[in-house]
Amino acid sequence: MSQLYIEDVDLGDDVGPLLKEPDRAQLDAYVKAWGTTTGRFVSDEAAQAEGFTGVILPGNMSMGLLAQLLTNWVGLEGKVKRLDVDFRRSILPGDKLNCSGIVTDIQIVDEENQVTLDVYIETQKGERALQGTALVVLPNKG
Amino acid sequence: MTTDYQEEERQVMANLDYDRSVVGVEVEVGHHEVTKEKIIEYAEALGETNPLYLDEEFAKGTPYGGIIAPPLFYNMFSLASGLDPKVNFGTTGFDAGQHAEFFEPVRPGDTIYATSEISSVYAKTGRTGTMVFTVRRTSYRNQNGELTTVVERRNVRRDIRK
């Protein structure tokens, strides 16, 4: 894994995309690890009773994919400090997800190299299912 | 338009049926013992490829000195739900988002203690009508009393769209 440094980053830089296609087996594994019994995540019937076409991904699972985009980007010496996300649309198993970000601010605060990003997940329909902001810290070169 | 929306929000909040006494009251909601197996189970479910979360031998050679949990691992903890403001509004409720801040890493063998409070209840009116948001802030600390994560979960209640 190569390390990203603050010197490598400019305003407007794209982050990602991290392409993901979580399937039903992954959703089931996530729900099992969590232990939730919320109907819309575990049962097609329960999800349909709420107006969905079938089970949907929990927002916190999709948000975990955005966290993955960020931890991959900042590397072992970087750190994710904050992630703030709105769950705007439901995501179904099998949806093709583009997890991406763009650098909107770079500042040194308390001797930390802080990078602010807009982050989002776009589905194959071109809809932003999740959207938010993140703050990460990157090391200096050398 | 904005003024109409603000007036509608004010009216909804003035008449909203919910338990105002629980807002801002912090309570303990339990603890969770972190295992390496659960971290790996979580990481695999998310399709993680970062060996920091999956491979102890690799992780030993990193600045962390061993496997840590991915940032959003706290969503796996089974804890009490905390005080309920019993917001009586709309016909359906769902998770609207999360604001998470990360401090100390979470490691296998940690016991994470959580406290929770309802930090706010507010109305927001837009083109599709009024929604009522409930924000619950949960603070997670490890066995040394160090803060690991603070999360504000936003839940929204509204009428199902016609």
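A note on names: the letters A, B, ... follow the listed sequences, proteins ahead of strands, and every chain is numbered from 1.
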Interface moiety of A:Arg40 toward chain B, non-hydrogen atoms closer than 4.5 Å: side chain
Proximal component of B:Arg153, with respect to chain A [non-hydrogen, under 4.5 Å]: neither
Region of B:Ala100 that comes under 4.5 Å of a non-hydrogen atom in chain A: both
Derivation of the salt bridge (Lys or Arg N to Asp or Glu O under 4.0 Å) call for B:Glu101 and A:Arg82: CA-CA 4 Å; B:Glu101 294 193 46; A:Arg82 189 184 75 218; over 6 Å; no
Residue pairs, two or more places apart or on separate chains, that pass salt bridge (charged side-chain N to carboxylate O under 4.0 Å, His left out) and touch residues 82-97 of chain B: none
Short side-chain to backbone donor-acceptor contact, B:Thr138 and B:Ser116, under 3.5 Å: no
Within 6.0 Å of CZ in B:Arg107, more than 12 heavy atoms from elsewhere: yes
Region of B:Pro70 in contact with chain A, defined by heavy-atom distances below 4.5 Å: neither
Side-chain heavy-atom pair B:Val12, B:Val132 within 4.5 angstrom cut-off: yes
Candidate pair A:Arg24 and A:Asp44, rule salt bridge (Lys or Arg N to Asp or Glu O under 4.0 Å), full reasoning: CA-CA 11 Å; A:Arg24 181 67 185 260; A:Asp44 285 321; 3.2 Å; yes
Neighbours of chain A found in residues 30-37 of chain B - heavy atoms under 4.5 Å: none
Salt bridge (Lys or Arg N to Asp or Glu O under 4.0 Å) between B:Glu26 and B:Arg137, worked out: CA-CA 9 Å; B:Glu26 191 171 39; B:Arg137 178 164 54 230; over 6 Å; no
Greatest number of heavy atom pairs closer than 4.5 Å to chain A - which of B:Glu44, B:Glu152, B:Lys38, B:Glu41: B:Glu41
Chain A contact via B:Phe73 - which portion, at a heavy-atom distance below 4.5 Å: neither
Centroid separation B:Phe89 to B:Tyr18 less than 6.0 Å: no
Could you list the donor-acceptor pairs under 3.5 angstrom formed by side chains in residues 29-36 of chain A, with sequence neighbours left out?
unit_1, atom_1, unit_2, atom_2, d
A:Tyr30, OH, A:Asn60, OD1, 2.5
A:Trp34, NE1, B:Asn75, O, 3.2
A:Thr36, OG1, A:Thr38, N, 3.2
A:Thr36, OG1, A:Thr38, OG1, 3.1

Test item: A:Glu112 and A:Lys81 side chains (from C-beta on) under 4.5 Å apart, heavy atoms: yes
Charged tip of B:Arg154 within 45° of B:Phe133 ring normal and under 6.0 Å: no
Proximity of residues 90-108 of chain A to chain B, residues having a non-hydrogen atom under 4.5 angstrom: none
More than 12 heavy atoms of other groups within 6.0 Å of A:Glu7 CD: yes
